[in-house]
Amino acid sequence: MIRRALLVVLIVWACTAIAVFVLPDFVPWFLIPETAFLGVVFAGLFLSGFPALLCAASCAFLREAVSSAPQCTMFLGTLALFVAVRHLEHHLIVRNERSVLLSVAMFLLLETVSIRIIMSMRGAGAFPLFWIVEEAVRIALTSLLAVPVFMSLSGRFQKVRE
Amino acid sequence: MTDFIRKWWRVLLSGGMLVLVFQLFIARGDGGGPTVGRFVGIDVFRPVTAAVGLVTRGASVVWGRYVALVGVETRNESLRREVANLRTKLDAQRETVMENRRLKDLLRIAATSDRPVIGARVVGREVSPWFQAIFIDAGSGSGVEPGMAVLTPAGGVGRVHKVSRGISEVVLLSDGRFTADVIVERGRVRAVAEGAGEGTVRLKYVSATNDVRPGDRVIFSGFDGSMPKGTVLGPVVSVDRPKESLFQKVVVQCAAPTDAEEVLVVMARPAIPFRPVP
């Protein structure tokens with residue numbers, strides 16, 4: 001299990017490095033899926049025990065490092081996301097494509113709405129409609145990407161176990 | 001047949017010679033005017049010359065287009081590769097020229113600045129949808145500290161937020177958490193600039209009685225110590241005067257390009273101690 005967690009962490013770190021240091025030069029931000037977020041959701045849904053926590057903590061640390069959010073907020077927020085996903089995992093018996101798609105989209109939406117509310121409370125102006133459309137595209141893209149990636153990775157892990 | 005040749009060989013030989021003579025006359029084309037002989041010669045020997053010409057042309061086509069072209073494809077391929085290489089080199093050189101120009105602009109600013117500055121390259125961008133920041137390749141190892149101003153020749157870029165050994169994170173002017181004291185150059189109207197996303201900044205607390213118009217240039221006042229005095233923020237792009245409000249809604253477009261590749265970090269601690277962006 002620990003090897004699987006490390007593999008997920010490795011993939012997430014590599015993808016995030018590409019997303020931060022390479023892709024922004026020629027890909028708009030809303031077309032760059034958030035792989036660290038996906039790593040946390042994957043750890044919550046498909047891994048268990050200490051490896052899951054290790055994987056989630058690494059992804060949370062990565063999000064904290066590459067975000068200009070206030071100190072520790074991204075790390076703690078991501079860990080909270082992990083706990084919520086774990087809770088969902090206990091109740092989500094069937095981990096099929098639709099459930100994965102819905103849970104990833106729901107958590108992304110929840111995160112963006114909560115951060116928007118906090119920013120509005122701190123005095124940030126209303127975001128333009130165009131931004132909302134772009135954010136919707138980002139959420140849809142990340143959720144759609146999650147389905148094949150999660151299914152493929154979990155299928156491989158299952159095969160290895162068998 | 002043998003008897004016939006034996007009997008008539010002289011006649012045949014002389015006839016053949018005459019044909020040759022005719023042929024030579026026609027082929028040389030001595031420039032003389034048309035004669036009966038020439039017409040006859042042309043008419044009689046046209047099929048022969050046409051046949052000879054056809055064979056010659058055919059042989060020449062076969063030679064030129066097929067036999068002689070063996071190896072041309074290879075040569076073509078190598079030439080194509082060479083052209084592609086040269087194009088790549090040309091692009092690289094063009095890029096170097098552009099970079100040179102940008103660096104010269106940065107040097108010009110560095111030479112005229114009264115504070116020490118260092119150059120840095122933009123190596124990454126924050127991809128989260130809520131915050132706007134860039135990563136530069138100068139960190140605490142180069143003396144960079146949180147709160148230092150980051151500029152380009154076109155204007156201000158932002159403020160250093162987080163610093164590690166070889167890399168720093170810079171919050172851009174258009175980030176919602178960026179605020180600074182600014183002046184509208186023409187009317188000397190003071191305001192607080194706050195990031196509004198999408199490369200724009202809004203000016204807060206501009207009284208409805210102040211004269212601000214689209215196109216006015218906005219500069220940093222330097223009073224809050226966050227950005228050097230006189231650094232350009234950008235031009236006013238829209239002014240809205242709602243009847244029910246005490247203040248105008250002024251939007252400024254950041255002058256510094258959002259995709260700048262090289263920036264300058266002003267190596268001076270802000271006058272007011274920097275508090276990390278809340």
Side-chain angles (χ1 to χ4, degrees), chain A residues 15-37 62-74 77-78 108-109 111-139 142, chain B residues 95 121-137 146 150 158-179 192-205 238 240 249-251 257-261 275-278:
Chain A
C15 290
T16 305
I18 291 169
V20 172
F21 297 112
V22 182
L23 291 184
D25 286 341
F26 45 88
V27 179
W29 65 268
F30 58 90
L31 293 182
I32 302 176
E34 205 180 323
T35 41
F37 183 94
L62 186 62
R63 288 190 95 194
E64 173 71 26
V66 298
S67 164
S68 66
Q71 208 82 38
C72 293
T73 51
M74 207 41 114
T78 308
L108 273 170
L109 191 66
E111 185 182 57
T112 201
V113 167
S114 53
I115 292 178
R116 280 304 309 140
I117 289 171
I118 294 169
M119 287 173 81
S120 300
M121 284 164 71
R122 288 200 54 82
F127 269 46
L129 182 69
F130 192 60
W131 180 88
I132 296 170
V133 175
E134 286 175 338
E135 177 62 355
V137 170
R138 188 185 75 98
I139 290 175
T142 307
Chain B
E95 183 57 35
R121 274 178 204 282
V122 176
V123 291
R125 285 170 204 281
E126 183 170 343
V127 289
S128 85
W130 314 289
F131 311 113
Q132 300 195 2
I134 55 172
F135 295 93
I136 57 172
D137 66 353
V150 178
R159 202 181 286 151
V160 176
H161 177 230
K162 282 190 217 166
V163 177
S164 59
R165 179 121 194 98
I167 200 163
S168 301
E169 194 173 46
V170 178
V171 170
L172 299 180
L173 301 181
S174 53
D175 187 290
R177 299 163 296 163
F178 184 93
T179 49
V192 174
E194 184 186 69
E198 304 291 324
T200 60
V201 168
R202 75 176 135 256
L203 301 191
K204 291 170 89 175
Y205 314 121
S238 75
D240 189 18
K249 286 182 177 174
V250 182
V251 178
T258 51
D259 57 349
E261 290 175 38
R275 260 186 325 134
V277 180

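Computed from a predicted structure; not experimentally measured.
The greatest number of non-hydrogen atom pairs below 4.5 Å with chain A, out of Phe131(B), Trp130(B), Phe135(B), is found for Trp130(B). Your options are Val22(A), Ile115(A), Ile32(A), and the one with the most heavy-atom pairs under 4.5 Å with chain B is Ile115(A). Ranked by heavy-atom pairs shorter than 4.5 Å toward chain A, the options Val170(B), Val122(B), Val123(B) are led by Val123(B). Top candidate by heavy-atom pairs under 4.5 Å with chain B, chosen from Glu34(A), Arg138(A), Met74(A), is Arg138(A).
At a 4.5 Å heavy-atom cutoff, the contact between Ala65(A) and chain B is made by backbone atoms alone. Both the backbone and the side chain of Thr112(A) come within contact range of chain B, judged by heavy atoms closer than 4.5 Å.
Remark: the backbone N or O of Ser67(A) is paired with a side-chain donor or acceptor of Lys162(B) at under 3.5 angstrom. Judged purely by atom type and a 3.5 angstrom limit, Trp131(A) uses its side chain to pair as donor or acceptor with the backbone of Pro129(B).
Taking OG from Ser68(A) and CD from Glu126(B), the interatomic distance works out to 4.0 Å, rounded to the nearest 0.5 Å.
No side-chain heavy atom of Gln132(B) sits under 4.5 Å from any side-chain heavy atom of Trp29(A).
Of all heavy-atom pairs between Val127(B) and Ala19(A), the closest is CG1-O, 3.3 Å.
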